[in-house]
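See structure below.
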There are 2 protein chains.
Amino acid sequence: MASNRQKEIALAAVKLFEQKGYHATSVQDIADEVGLQKGSLYHYIHSKEDLLLQIAHEAITEFNDNLQAVLDTDMSAPEKLVKAVENHITVSVSNMETTTVLLREAFSLGDPQHQVIQDLTDKYVDLWTQVLEEGARSGEFHVREPKVVALAILGACNWVYRWYRQSGQLTPSQVARVFSDMFLNGLTSDNHPGVQQ
Amino acid sequence: MASNRQKEIALAAVKLFEQKGYHATSVQDIADEVGLQKGSLYHYIHSKEDLLLQIAHEAITEFNDNLQAVLDTDMSAPEKLVKAVENHITVSVSNMETTTVLLREAFSLGDPQHQVIQDLTDKYVDLWTQVLEEGARSGEFHVREPKVVALAILGACNWVYRWYRQSGQLTPSQVARVFSDMFLNGLTSDNHPGVQQ
DNA sequence: TAATTGACCAAACAGTCGTTTGGGATTAGA
DNA sequence: TCTAATCCCAAACGACTGTTTGGTCAATTA
């Protein structure tokens, strides 16, 4: 139901919101990017804020769906954690602009729009916490504060958009492996993976 | 040299930037907060942007100085890491408003002002990386990608301002301990601290 | 062919923005 | 006492904001 023009406008908005930030991007900027008069945009969007809400909503929903899919498998807890980290980093790097808008600009939404995103974000933390609680129950993880640990892991992953560059040394998967290796084995532990394919 | 009024204005700005964001805060808002006409503020500040720069600069400088002080001690690498995490989280929680402005709003600075903060932030990452490289050299840490691991730890710590509430269960020090326990020992390792005082 | 719809423009709306200016007060120094 | 600096106000500056309105043109439908 979303026309080409609507997608085009959303893409332009993502690009500009990422480059300049939500407030520093004017409706005029978006109109210029797609080659329309700014008034004409209002045939496709309800408001500038609604545009941001849609972008953020789509982004957080993808993260949630991916993590729920991992939880629904019969993997072990450590396997789930590795897979979840891999998913999160892969998705956030390959949709870097959208992820940046979600993590950096969603705060600019007023109520009640902001609450929609906040609720979905809370849900995401919940799912991560479930992974850790599962491992705690099975004895695979030693975790006394599953939620705090979940927030630590999520924080590390959500920081990636701030520093990852395509031109860098490591692929998203390699970064994910460095991350989950530390989360699972720690820095001082002995059982670290050797060189493997 | 900074007068009372200047400090008062800076404090008002921090409070409002944290609550509403930099762009959503008008010079009028700040003037109202300190009980002046907005034009009168310009006897104390060069520009709204300069106000943000000062706030961010002071914040990142404190983080840098603290971490440098830890590096200058003769602690072991694991001890330095624990201390650095403790410092970072304690500081960011007790100056939550300022930290939020640094981490969330500094992006709104235009060049070359943004580059000043970026350089100091890069320096901070460097210092963290040094901690890890030290541990790698001494054999205390098993780290193949010290910089990526530093960014992981820093990400976890820099996310705290997004979720920590004074009303929550854990003190900043307790959160720091959960964090560094995972960083050092991992979730699957056996040598976790028991209940200790 | 006639009527209707959707896409789009140009202009206006009603503000708000950060910053500058010129001039009163009040205070401090010479 | 005269001078100079400091503090602050009131007003204006020009530019820009997101959104609405009325209308034109082409394509689609009946």
Side-chain angles (χ1 to χ4, degrees), chain A residues 1-57 101 105-114 116-117, chain B residues 1-57 101 105-114 116-117:
Chain A
M1 208 54 91
S3 70
N4 284 341
R5 262 287 203 257
Q6 274 175 319
K7 290 176 203 160
E8 193 185 352
I9 290 168
L11 282 175
V14 168
K15 174 182 168 186
L16 290 166
F17 291 168
E18 190 273 342
Q19 280 174 10
K20 316 173 52 165
Y22 171 74
H23 275 115
T25 300
S26 67
V27 175
Q28 184 68 63
D29 292 331
I30 305 173
D32 290 347
E33 183 76 19
V34 297
L36 287 178
Q37 295 296 101
K38 67 170 176 173
S40 308
L41 284 186
Y42 286 82
H43 281 269
Y44 300 96
I45 66 174
H46 289 97
S47 66
K48 184 190 171 190
E49 189 176 18
D50 186 63
L51 199 46
L52 174 58
L53 176 62
Q54 283 184 49
I55 293 166
H57 190 279
V101 172
E105 307 296 335
F107 166 78
S108 294
L109 292 166
D111 279 324
Q113 327 231 45
H114 182 258
V116 175
I117 303 300
Chain B
M1 208 55 89
S3 69
N4 285 341
R5 257 286 156 50
Q6 275 175 318
K7 291 176 203 160
E8 194 185 350
I9 290 168
L11 282 175
V14 168
K15 174 181 168 188
L16 290 166
F17 290 168
E18 190 273 342
Q19 280 173 12
K20 316 173 54 166
Y22 171 74
H23 275 114
T25 300
S26 66
V27 175
Q28 184 67 66
D29 291 332
I30 304 173
D32 291 347
E33 184 75 19
V34 297
L36 288 178
Q37 295 296 101
K38 67 169 175 172
S40 308
L41 284 187
Y42 286 82
H43 281 268
Y44 301 97
I45 66 174
H46 290 99
S47 65
K48 184 189 172 191
E49 190 175 17
D50 185 63
L51 198 46
L52 174 58
L53 176 62
Q54 283 185 48
I55 293 166
H57 189 279
V101 173
E105 306 296 335
F107 166 77
S108 294
L109 291 167
D111 280 324
Q113 327 233 42
H114 182 257
V116 176
I117 302 301

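Every chain is numbered from 1, with letters handed out A, B, ... down the list of sequences. None of these values were measured; they are calculated from a predicted model.
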B/H23 atom NE2, over 12 foreign heavy atoms within 6.0 Å: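 More than 12 within 6.0 Å, yes.
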d([atom1], [X]; [atom2], [N]) in whole Å:
X     : N      : atom1 : atom2 : answer
A/I45 : C/dA7  : CD1   : C1'   : 15 Å
A/L41 : D/dT19 : CG    : C1'   : 11 Å
A/Y42 : D/dT20 : OH    : C1'   : 10 Å
A/K48 : D/dT20 : NZ    : C1'   : 17 Å
B/K20 : C/dT16 : NZ    : P     : 12 Å
B/D32 : C/dT16 : CG    : P     : 13 Å
B/H46 : C/dT19 : NE2   : C1'   : 13 Å
B/I30 : C/dC17 : CD1   : P     : 11 Å

Does a nitrogen or oxygen in the side chain of [X] sit under 4.0 Å from OP1 or OP2 of [N]?
X     : N      : answer
B/Q37 : D/dC8  : no
A/S40 : C/dA7  : no
A/R5  : C/dG6  : no
B/S26 : C/dT16 : no
A/Y44 : C/dC8  : yes

Distance-only donor-acceptor test, A/H43 side-chain atoms vs C/dC8 base atoms, 3.5 Å: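 Answer yes: a donor N or O sits under 3.5 Å from an acceptor.
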Given C/dC8, C/dT19, D/dT19, the nucleotide with the shortest approach to the side chain of B/S47: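 Of C/dC8, C/dT19, D/dT19, C/dT19 is nearest to the side chain of B/S47.
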B/E105 side-chain N/O to B/L52 backbone N/O, donor-acceptor pair under 3.5 Å: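 Flag not set: sc B/E105 to bb B/L52 has no pair under 3.5 Å.
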Salt bridge (Lys or Arg N to Asp or Glu O under 4.0 Å), paired with B/E33, selected from B/K15, B/K38, B/K20: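 In the set B/K15, B/K38, B/K20, the residue that makes a salt bridge (Lys or Arg N to Asp or Glu O under 4.0 Å) with B/E33 is B/K15.
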Closest-nucleotide ordering on DNA chain D, the 5'-leading residue of A/T25 and B/K38: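 The residue closer to the strand's 5' end, by nearest nucleotide, is B/K38.
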Aromatic plane relationship, B/F17 with B/Y22 - under 30° parallel, 30 to 60° tilted, over 60° perpendicular: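 Answer is perpendicular, since the angle exceeds 60°.
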Test item: A/I30 and A/I45 side chains (from C-beta on) under 4.5 Å apart, heavy atoms: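 No - every pair of side-chain heavy atoms lies 4.5 Å or more apart.
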